[in-house]
Number of protein chains: 2
Amino acid sequence: MSTANSLAVEDLGSAAQRDRRKRILDATIQLASQGGFDAVQMRAVAERADVALGTLYRYFPSKIHLLVSALQREFERTETAMRERPVEGDTAAERVITALKRTTRGMQSDPQLTEALTRAFMFADASVATEIHQVGMLLTSMLTRAMYPEGHDELTEEDVAIARVIGDVWLSALVGWVTGRTSAAETGQQIEVAVRLLLRD
Amino acid sequence: MSTANSLAVEDLGSAAQRDRRKRILDATIQLASQGGFDAVQMRAVAERADVALGTLYRYFPSKIHLLVSALQREFERTETAMRERPVEGDTAAERVITALKRTTRGMQSDPQLTEALTRAFMFADASVATEIHQVGMLLTSMLTRAMYPEGHDELTEEDVAIARVIGDVWLSALVGWVTGRTSAAETGQQIEVAVRLLLRD
DNA sequence: TCTAAAATAGGAACACGTTCCACTTTGGTT
DNA sequence: AACCAAAGTGGAACGTGTTCCTATTTTAGA
């Protein structure tokens with residue numbers, strides 16, 4: 001869209017557009033935080049972001065896109081934080097467990113928000129593939145970094161496979177918790193067991 | 001509800017009620033099979049099942065309940081079939097892989113239906129906990145039976161944990177496939193890798 | 001500075017899940 | 001056989017995601 005000066009893959013447009021986008025995502029997170037998935041109503045988001053409904057749909061073509069994009073932004077924050085302050089621990093298993101539990105605890109401290117973002121993620125269809133993929137990459141990279149903190153560039157296929165399996169379990173556990181099928185403690189257990197099964201060294 | 005003669009946990013009511021329930025689930029599966037999640041519209045289900053909209057809601061309090069109940073019925077069929085013709089294979093890993101691939105292939109032969117049922121399952125909230133739990137039990141029992149075909153009654157906690165992790169991976173893989181993020185081949189790969197990581201003996 | 005194109009505002013309209021209501025039918029009890 | 005409570009019918013109505021349209025404002029380029 002903008003004629004020059006696009007930094008990379010992402011072209012965020014003018015400052016005004018970046019600002020609108022930010023306002024929309026902020027409004028989304030606020031509403032989700034207060035009332036979960038159902039409270040994120042497109043008219044409410046538009047109003048709170050001080051934007052017309054049509055504009056909201058120009059930026060995000062559906063409620064699911066909107067929520068998954070919000071998830072992506074939150075997740076990028078988490079990933080940055082984790083990169084700045086890496087987890088400690090003697091074994092890969094310990095570090096991964098610590099990293100996941102830290103993240104999980106963060107999410108569980110805002111249950112409504114987590115519910116909204118997780119449900120959106122799980123409900124997303126093919127049209128959201130791009131955003132979903134990015135979130136998946138972030139998760140995998142977070143996990144492999146916890147496995148090999150010192151920039152090992154020797155990631156075997158097995159390493160990546162393990163990270164992906166752990167990611168799957170974590171997502172399932174999160175869904176279980178979000179939908180009230182498992183307690184926070186059980187969620188932690190579930191992750192810990194899986195990691196120990198996969199990373200025994 | 002019925003005064004006497006309730007066999008067990010499930011009380012399915014009179015023959016007419018069983019028949020209505022069956023007609024509704026049949027209609028659901030037909031519509032899902034043709035057009036996926038979006039095509040399962042409550043008015044359309046009611047019409048095809050020859051039932052009033054209010055009656056449909058009396059039997060199934062929401063679209064999600066309806067679809068998850070349909071999933072449950074389908075899954076029970078699968079589980080029975082698998083019980084009658086157990087998978088063969090020398091190791092637990094082989095048998096589990098075969099069982100999952102067989103099931104996956106069955107689901108992939110009706111993509112729209114699978115999409116509808118899987119999305120409903122992932123979107124379900126706490127109010128569907130009962131049905132979800134039953135499906136989870138079916139899946140775990142299918143997996144442990146593949147792991148120990150000859151009625152081993154010595155299921156350790158680790159065995160169950162492994163089965164659960166495999167189930168999680170399978171679900172994630174299925175979601176990935178349903179939402180067009182991964183191909184059928186990749187889905188099989190993903191499952192196979194996970195099982196081999198977890199069941200190396 | 002002026003102008004055409006793009007973006008936004010504001011809001012009506014539509015679709016589908018869900019609820020509700022008035023009326024009718026059914027099935028078991030007396 | 002008459003009766004009553006439960007179940008079912010048919011359809012209106014409501015909420016929220018989504019689409020669409022016109023008028024206005026902003027932006028980029030000549």
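In what follows, chains carry the letters A, B, and so on, assigned in the order in which the sequence lines appear, proteins first and then strands, with residues in each chain numbered from 1.
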Nucleotide [N], atom [atom2] - distance to [atom1] of [X] in whole Å:
X: B/Arg23; N: D/dG8; atom1: CZ; atom2: C1'; answer: 11 Å
X: B/Gln17; N: D/dA6; atom1: CD; atom2: C1'; answer: 9 Å
X: B/Arg18; N: C/dG27; atom1: CZ; atom2: C1'; answer: 15 Å
X: B/Asp125; N: C/dG17; atom1: CG; atom2: C1'; answer: 14 Å

Exercise: do B/Ser183 and B/Glu186 side chains pair donor with acceptor under 3.5 Å: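 Their side chains do contain a donor-acceptor pair, which is all the 3.5 Å distance test asks for.
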
Between B/Gln72 and B/Gln134, a side-chain donor and acceptor under 3.5 Å: yes

Taking the side chain as every heavy atom from C-beta outward, state whether [X] and [Y] have any pair of such atoms under 4.5 Å apart.
X: A/Phe121; Y: A/Leu171; result: yes
X: B/Glu158; Y: B/Ile162; result: yes
X: B/Arg73; Y: B/Ile29; result: yes

Residue pairs fulfilling salt bridge (Lys or Arg N to Asp or Glu O under 4.0 Å) with at least one residue in residues 164-174 of chain B, sequence neighbours excluded: none

Any pair counted as salt bridge (Lys or Arg N to Asp or Glu O under 4.0 Å), so long as it reaches residues 95-124 of chain B, sequence neighbours left out: B/Lys101-B/Glu192, B/Glu115-B/Arg119

Terminal helix-axis angle for the helix from C/dT1-D/dA30 to C/dT30-D/dA1, with five pairs defining each axis and rounding to 10 degrees: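 It comes to 10° between the two terminal axes.
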
Salt-bridge criterion met for B/Glu74 and B/Arg77 (N-O under 4.0 Å):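 Yes, B/Glu74 and B/Arg77 are salt-bridged.
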
Trace of the salt bridge (Lys or Arg N to Asp or Glu O under 4.0 Å) decision for B/Arg181 with A/Asp125: CA-CA 9 Å; B/Arg181 299 202 291 278; A/Asp125 68 355; over 6 Å; no

Which atom of A/Thr114 lies closest to which atom of A/Thr118, heavy atoms considered: O-OG1, 2.7 Å

First of B/Leu53 and B/Arg20 reached from the 5' end of DNA chain D, by closest nucleotide: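 So the residue in question is B/Arg20.
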
Nucleic acid contacts - residues 34-50 of chain A versus DNA chain C, non-hydrogen atoms under 4.0 Å: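 By residue number: A/Arg43, A/Asp50.
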
Near-strand residues of residues 56-69 of chain B, defined as heavy-atom separation under 4.0 angstrom from DNA chain C: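 Contacts with DNA chain C under 4.0 Å: B/Tyr57, B/Ser62, B/Lys63.
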
Scan the side chains in residues 34-46 of chain B for donor-acceptor partners under 3.5 Å anywhere in the protein, sequence neighbours excluded, and list what turns up.
from, atom 1, to, atom 2, distance (Å)
B/Gln41, NE2, B/Asp38, O, 3.4

Nearest-nucleotide comparison on DNA chain C, the residue closer to the 5′ end among A/Thr55 and B/Ala16: A/Thr55

